[in-house]
Amino acid sequence: MKQLSSLEIKFCVDELQILLDGKVEKIYHHPPNEIRLRIYAKEKYELVIEAGRRIHLTQFPKESPKYPTPFAMLLRKHLEGARLKSLEQYDFDRVVILNFERGGETKKLVAELFSKGNIILIENSKVVMPLVHNVKIGEVYKFPEIKAVQEDREVVKVLANRIGGIYAEEVLKRLGIDKKRKYSEISEEEKQKIRSEIERLKNSEKEPQIVIRDGNYIDVTPIKLSIYEELEKKYFKTFNEALDEYYTKVFSEIVEKNTSVSKELERLKKRLEIQEETLKSYEREAERYMILANTMYANYQKISKILESLQEARKKMEWRKLEEKIKNDEKISKFLRLEGKKAVLIIEGQEIELDIEKNVHENAEIYYEAAKKAKEKANGVKEAIKKTLEEIKRVEKEEEVRFQRSFRVKRRREWFEEYRWFITSDGFLVIGGRNAKMNEEIVSKHMESRDLFFHTQTPGAPVVILKRGQDAPESSIVEAAEFAATYSSLWKEGKHVGEVYYVTPEQVKRAAKAGEYLPKGSFYITGKREYMTVELNCAIGVEVDKLRVIGGPKKAVQKWADYLVEIEVGDKEHNDISVEIAKKLVDMAGDEKHILRAIVSPDEVAKFLPPGRSRIKES
């Protein structure tokens, strides 16, 4: 996997100056080699440092480890609450130094991003604690020495040690120097040109981009490179954003690969495979016994005569002699033989084993009874298969939830996102209460003179406010009414249409009439109400550019969502349907799957589900 080069670290560190004077709020260690620092510098940031590989900001936080490691606890002890005073690259090397200050004390965190690198806490030049114990606690920290140039190596390899392989190739390509030439063969004039070209690279105009080949991310660079001229690119505002996208996708694919089939799931699927084979065996057995019994009744007279003949012959001679006589008779031996104390009759292509002491009916009953037992065993296996499938479904759901929570998106949420909400297809905000307290809050804090108030006659319905509703077109009014009906108890009752009214804010009274009582979150309405009958409908989707899940009337969600799923009144509980919707949305995403993994958690989906049971609507 890609390690950042010294040139890339230079561009990254330049952007990370926005963290200066920021306060460390939390530190996490994700073993083995990654730490994350949450820093508040006018806004919240999350800085990823992975020893031997990378440093950059991320908007995709991982789920916090259940228990902090000793390294995390030590970093928290020394650095939480500290201010980041400087962040710099050491000597254009793959080393970054973070200087912190707290209560007059200063400490350094040194991130070694070269192969077999480390993350080391330092105080007064001495090692307090390394992440990887290849340096001793208490000894003076020494920065890695720059290796002397090996003159007999190819020039591209010499430059790669300093600026990274792809940039070494870029420099030599621009200068028209054969990359396979030995460094000792390079003239002083050419060396000077190389130094100048490296400086030009370092001072190039930023053009952060991910390089794509056949749909796969193959590299991420802070500047335009002629070496990638023919390949597809995805551009970003900052290099940190490009790095975050690149590594998140790469790690997401690794996590998906590693967690797609757990040991438990593997065990269950193996069990299912054996059960299904056993079921087929019992079903074949039951079918065979039924065929044999039915064949006997279809040839009742013929078999009856054979049994009578055998019984008569048995009275006259020993079994062994009877067996030999039948065997030596060419005509009889074609359809009859004796095995042990049984007769085997070949009829209609079937071999039927007969007890000659019993009649046709009694022999047939033996097979019917055997078929019945095989069917009972098959039914038992079917029940076992049903339980195994339920266990597989449970484990798959747990793994899906675990994977979706392994990467989460970090973004600033809008004030209205604590309520039920959506944006109409015309761009108007609609908010609704989730409970009685929120209903009161919405009316008292957020309802303004140009808004419209929506409600259903159904008890327990949310208060819904269409912001600037009196200036909104009819389409937004209809969508707000659909929203009010959909998120009321009408959905839970299995209704498909509902009646909604709307009024202006001055018609909404929070105080009860004299002698009457209003429950918490309730209001009474004065004046004329405008009634509408609307269809209950709901879609849940993802707005990728805003990194958020959205939900509401289908028409509104279609306007803003990049991917969406329509739902209807159904039979699935919130926990089940939220996982199913999240998985379906992620599966729709193609190349953006890693982003949706971070945005679309079952918990986020559940916020937009109507009350009661639902199912995904078939398109």
> Does a side-chain heavy-atom distance below 4.5 Å link H29 with L75?
no
> So for atom CG, which belongs to N575, do other residues, nucleotides or ligands contribute more than 12 heavy atoms lying within a distance under 6.0 Å?
no
> For the pair Y487 (side chain) and F608 (backbone), establish whether a donor and an acceptor sit closer than 3.5 Å, ignoring hydrogens and angles.
yes
> Between T69 and A72 (side chain of the first, backbone of the second, donor and acceptor by atom type, cut-off under 3.5 Å), is there such a pair?
yes
> Nearest 0.5 Å please: distance from the CG atom of D471 over to the CZ atom of R450.
4.5 Å
> Check this for me: E205, atom CD, are more than 12 non-hydrogen atoms of other residues, nucleotides or ligands nearer than 6.0 Å?
no
> State whether the number of non-hydrogen atoms from other residues, nucleotides or ligands found under 6.0 Å of K555 atom NZ is greater than 12.
no
> Supply the atom-to-atom distance D562 CG to D545 CG, rounded to the nearest 0.5 angstrom.
6.5 Å
> Please tell me if the side chains of K234 and Y217 come closer than 4.5 Å, counting only heavy atoms from C-beta onward.
yes
> Using the ring centroid of each side chain, check whether F483 and F422 are separated by less than 6.0 Å.
yes
> Please list, chain by chain and in numerical order, all residues satisfying side chain to side chain donor-acceptor pair (under 3.5 Å) with S204, sequence neighbours excluded.
none
> More than 12 heavy atoms of other residues, nucleotides or ligands under 6.0 Å from NZ of K233: yes or no?
yes
> Y501 and F454: ring-ring contact (aromatic ring centres under 6.0 Å, His included), yes or no, with the steps?
CA-CA 6 Å; Y501 68 83; F454 290 76; 8.9 Å; no
> Please tabulate, for the side chains in residues 15-22, all donor-acceptor contacts under 3.5 angstrom to protein atoms that are two or more places apart in sequence or on a different chain.
unit_1, atom_1, unit_2, atom_2, d
E15, OE1, F239, N, 3.1
E15, OE1, N240, N, 2.9
E15, OE1, N240, ND2, 2.7
E15, OE2, K206, NZ, 2.5
E15, OE2, F239, N, 2.8
Q17, NE2, V13, O, 2.9
Q17, NE2, L87, O, 2.9
D21, OD1, K85, NZ, 2.9

> May I ask you to decide if T424's main-chain N or O and W560's side chain share a donor-acceptor pair within less than 3.5 Å?
yes
> Just checking, any donor-acceptor pair under 3.5 angstrom between side chains of Q209 and Y228?
no
> Kindly indicate whether the side chain of I540, heavy atoms from C-beta on, has any atom under 4.5 Å from the side chain of L609.
yes
> Charged N to carboxylate O under 4.0 angstrom, E391 versus R271?
yes
> Looking at side-chain heavy atoms only, is the closest gap between I581 and I567 below 4.5 Å?
yes
> So does K2 have more than 12 non-hydrogen atoms from other groups sitting under 6.0 Å from NZ?
yes
> For a quick check under 3.5 Å, do E592 and Y563 share a side-chain donor-acceptor pair by atom type?
yes
> Look at atom CZ of R529 and say whether more than 12 heavy atoms of other residues, nucleotides or ligands are closer to it than 6.0 Å.
yes
> Say you draw a straight line from CG of L268 to CD1 of I392; how long is it, rounded to the nearest 0.5 Å?
5.5 Å
> Indicate yes or no: at least one non-hydrogen side-chain atom of K509 is less than 4.5 angstrom from one of F523.
no
> Charged N to carboxylate O under 4.0 angstrom, K224 versus E207?
no
> My understanding is that only residues two or more places apart in sequence, or in another chain, count here; which of them pass side chain to side chain donor-acceptor pair (under 3.5 Å) with K495?
E493
> Between T58 and L243, is any pair of side-chain heavy atoms under 4.5 Å apart?
no
> Between E448 and K467, is the closest basic N to carboxylate O distance under 4.0 Å?
yes
> Is a donor on one side and an acceptor on the other found under 3.5 Å between the side chain of K617 and the backbone of C538?
no
